[in-house]
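First up is the structure itself, then whatever we jot down about it.
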Amino acid sequence: MAIPDFIRELRATAGHQLLFLPGTSAVVLDDEGRVLLGRRADTGRWALVCGIPEPGEQPAAAVVREVYEETAVRCVPERILLVQSMEPVTYPNQDVCQFVDICFRCRVVGGEARVNDDESLDVGWFSLDALPELDEFALTRIKLALAEGPTWFDPTLPE
């Protein structure tokens, strides 16, 4: 997984300590109701396209950029599905990050799905009744993309 230059620069002074970062994810749907997935190079698992906005970049623009960079698919964000703080992650190099994921439902508008960078081993469109094994992160977001409910967030407030 490529580390953005601005994070590499932060790590030069912050070391491995926890960085609290924005993240975006996309449930990209086509006209047939299929979902776009990529098989990640770092884990070998199928997943939604995810990424980190660059400084000054709007989350919706970041998700469009990430989808294109990883899959060569052009998409348009339609709505925010979810805003969620994730659990901290410790990477093999001992860097610790905690992401606030902003997930968008997106509609494909062009491009042919293919591996477009070194972050994916494979890319493809999957019908909902033939999804590969996915983690709860992806399944929750796909479920929200198919519903017409409001944006999901954890309503728990501090006491």
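Residues satisfying the side chain to side chain contact (heavy atoms under 4.5 Å, CB included) criterion with Glu32, sequence neighbours excluded, are Asp30, Arg34. For Arg74, there are no salt bridge (charged side-chain N to carboxylate O under 4.0 Å, His left out) partners two or more places apart in sequence or in a different chain.
Side-chain contact between Leu37 and Pro132 is present, with at least one heavy-atom pair separated by less than 4.5 Å. At a threshold of 4.5 Å between non-hydrogen side-chain atoms, the residues Pro22 and Ile102 do not count as touching. When side chains are defined from C-beta on, Thr90 counts as touching Gln94, because their heavy atoms get closer than 4.5 Å. At least one side-chain heavy atom of Asp5 sits under 4.5 Å from a side-chain heavy atom of Arg8. Put simply, the side chain of Phe104 reaches to within 4.5 Å of the side chain of Pro59, judged on heavy atoms.
For Asn93, the CG atom sits in a packed shell: over 12 heavy atoms of surrounding residues, nucleotides or ligands are nearer than 6.0 Å. In the displayed structure, Glu54 atom CD is contacted under 6.0 Å by more than 12 heavy atoms of other residues, nucleotides or ligands.
Taking 4.0 Å as the cut-off between side-chain N and carboxylate O, Lys143 and Glu136 do not count as a salt-bridged pair. Ionic pairing of Asp95 and Arg11 is present here: one or more N-O contacts between side-chain nitrogen and carboxylate oxygen are shorter than 4.0 angstrom.
With rounding to the nearest 0.5 angstrom, the CG atom of Leu36 is 10.0 Å from the SG atom of Cys106. The structure places CG of Asp135 at 14.0 Å from CH2 of Trp46, a figure rounded to the nearest 0.5 Å. Atoms CD and CE, on Gln98 and Met86 in that order, are 9.5 Å from each other to the nearest 0.5 Å. Glu133 CD to Leu139 CG: the interatomic distance, rounded to the nearest 0.5 Å, is 9.5 Å. For the atom pair OG1 of Thr140 and CG of Asp101, the computed distance is 11.0 Å after rounding to the nearest 0.5 Å. In this structure, Gln17 CD and Leu10 CG are separated by 9.5 Å, a value rounded to the nearest 0.5 Å.
Listed by first and then second residue, the ring pair (Phe, Tyr, Trp, His ring centres under 6.0 Å) pairs that reach into residues 10-35 come to none, sequence neighbours excluded.
Under a hydrophobic-cluster definition in which Ile, Leu, Val, Met, Phe, Trp and Tyr are linked whenever side-chain heavy atoms come within less than 4.5 Å, directly or via other members, Val115 and Phe126 are assigned to different clusters. Val108 is not connected to Tyr68 by any chain of hydrophobic side-chain contacts under 4.5 Å among Ile, Leu, Val, Met, Phe, Trp and Tyr, and they are in different clusters. Leu144 and Val27 fall within a single hydrophobic cluster, where Ile, Leu, Val, Met, Phe, Trp and Tyr side chains are chained together by heavy-atom contacts under 4.5 Å. Connection of Val35 to Val123 is not established within any shared hydrophobic cluster, with ILVMFWY side chains joined at heavy-atom distances below 4.5 Å, either directly or through further cluster members. Cluster annotation: Ile142 and Trp152 are assigned to the same hydrophobic cluster (Ile/Leu/Val/Met/Phe/Trp/Tyr, side-chain heavy-atom contacts under 4.5 Å, transitive).
Looking at every heavy atom in both residues, Val49 comes nearest to Glu70 through CG1-OE1, 3.6 Å. Considering every non-hydrogen atom in both Leu128 and Gly33, the closest pair reads CG-O, 3.8 Å. Gly44 and Leu121 get closest at one heavy-atom pair: CA-CD1, 4.2 Å. Nearest heavy-atom pair across Arg40 and Ala47 is CD-CB, 3.7 Å. Minimum heavy-atom separation, Cys103 to Arg141: SG-CG, 3.6 Å. Nearest heavy-atom pair across Pro77 and Val64 is CD-CG2, 3.5 Å.
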Ile52 and Phe99: CA distance, side-chain angles, deciding distance, side chain to side chain contact (heavy atoms under 4.5 Å, CB included) verdict: CA-CA 9 Å; Ile52 300 170; Phe99 295 96; 3.7 Å; yes

Side chain to side chain contact (heavy atoms under 4.5 Å, CB included) between Ile3 and Tyr91, worked out: CA-CA 12 Å; Ile3 298 173; Tyr91 291 96; over 6 Å; no

